[in-house]
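See structure below.
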Amino acid sequence: MDGDDVLSPEWFLRLAEAMMRSGSPAVRARWSGEDVESVGDDVAGVCRYGYACVCLYRCEAIGETRFVEGLGFAEDALFNLALMARGLRFGSCSCDGYFYRQREGSAKRREVGGAEWLKFVRGCEAVMSRVPADRLPEWVPSVSRMLFSHVGRWFAFGGERACESEMRECLKRMIAAGRLSIGATKRKYRFPRKEYRHGRQYGRIYRAALSF
């Protein structure tokens, strides 16, 4: 969990009870205020709400899977996707006891550098390389939207440009291998809130940045 978040005293007990009821090796819950409908065991749900801080895992379900070192954002989404690529399915818990807080200087409020983006892209490549071929139709659209939504915005508007060429080569490899699809992101581009007003202009910049 993040050091500035708060838990209710019953949080772990309720997660453990949900795990025992479902018999699942892992359960996903939600933080305070999050819609219960957003909690699910599908890949799309993990790509959007892949937070490990609201999950409980049995040790044997984790095995040798670890967080990507040196990555200060979305590392828990990659972690959960890596577990799912090995066949893990999450049970769900509707309990509400994790209180998420944001502060100035947190990972969500800083500009992420190119070296971290490269680790994120390579982490996605490693996960997708382990997904069985028969499950790729489910995985490719969701992972593509998550990855291009984040990385494409950095390509278009980011400041420091280190590692951009390596990232593009990695993305090209994934597209060529059928493990990523830029078409899955069509008309689904996301922009920072302050930029919605000029969506058309930014849309052109964004699409140009995502040309492969």
Side-chain angles (χ1 to χ4, degrees), residues 1-3 5 7 11-31 34 38-93 95 98 100 106-108 112-113 115-151 163 166-167 170-171 173-174 177-181:
M1 63 178 289
D2 293 339
D5 293 345
L7 297 177
W11 173 249
F12 290 114
L13 176 61
R14 296 178 71 182
L15 279 175
E17 289 173 343
M19 177 178 280
M20 288 186 285
R21 281 196 306 270
S22 67
S24 300
V27 292
R28 291 180 59 223
R30 60 193 177 103
W31 63 52
E34 186 181 358
S38 69
V39 180
D41 68 349
D42 61 318
V43 177
V46 172
C47 283
R48 292 190 63 194
Y49 305 99
Y51 315 112
C53 57
V54 293
C55 297
L56 182 67
Y57 313 85
R58 293 190 182 276
C59 291
E60 58 268 25
I62 294 174
E64 299 300 316
T65 305
R66 296 294 183 270
F67 286 92
V68 176
E69 292 186 13
L71 182 59
F73 70 99
E75 69 274 26
D76 44 357
L78 286 180
F79 177 79
N80 280 335
L81 287 171
L83 293 176
M84 292 189 74
R86 290 173 37 207
L88 178 75
R89 304 295 286 185
F90 287 89
S92 63
C93 174
C95 55
Y98 188 100
Y100 173 65
S106 67
K108 277 202 169 185
V112 178
E116 277 190 272
W117 281 119
L118 181 58
K119 286 192 175 192
F120 176 63
V121 172
R122 285 178 172 167
C124 287
E125 183 179 30
V127 167
M128 294 301 286
S129 69
R130 295 194 290 272
V131 177
D134 62 337
R135 297 187 65 194
L136 283 177
E138 175 193 5
W139 280 68
V140 169
S142 298
V143 173
S144 298
R145 282 193 287 272
M146 176 188 73
L147 200 156
F148 284 126
S149 169
H150 294 309
V151 177
C163 305
E166 293 97 319
M167 275 187 274
C170 187
L171 293 170
R173 284 198 304 271
M174 294 175 70
R179 299 186 182 275
L180 201 63
S181 170

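Side chains included, hydrogens not; waters and symmetry mates left out as well; all remaining heavy atoms used. Numbers here simply count residues along the sequence, with the first being 1.
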State, yes or no, whether a side-chain contact exists between [X] and [Y] at a heavy-atom distance under 4.5 Å.
{"X": "L171", "Y": "L147", "result": "yes"}
{"X": "E138", "Y": "V131", "result": "no"}
{"X": "R122", "Y": "C170", "result": "yes"}
{"X": "W139", "Y": "L81", "result": "yes"}
{"X": "C55", "Y": "F90", "result": "yes"}
{"X": "E125", "Y": "M128", "result": "no"}
{"X": "R58", "Y": "I62", "result": "no"}
{"X": "R28", "Y": "V54", "result": "no"}

Fit a plane to each ring of H150 and F120, take the angle between them on a 0 to 90° scale, and name the class: parallel (under 30°), tilted (30 to 60°) or perpendicular (over 60°). perpendicular
In sequence, state the C-alpha distance, the side-chain angles, and the governing distance for R86 and T65, and then conclude on side-chain hydrogen bond (donor to acceptor under 3.5 Å, both in side chains). CA-CA 10 Å; R86 290 173 37 207; T65 305; 2.7 Å; yes
So that I know where these two stand, are Y98 and F12 an aromatic pair - ring centroids less than 6.0 Å apart? no
Can you give me the closest heavy-atom contact between R135 and G87, atom names plus distance? NH1-CA, 4.2 Å
Considering residues, nucleotides and ligands other than E60, do more than 12 of their heavy atoms fall under 6.0 Å from its CD? yes
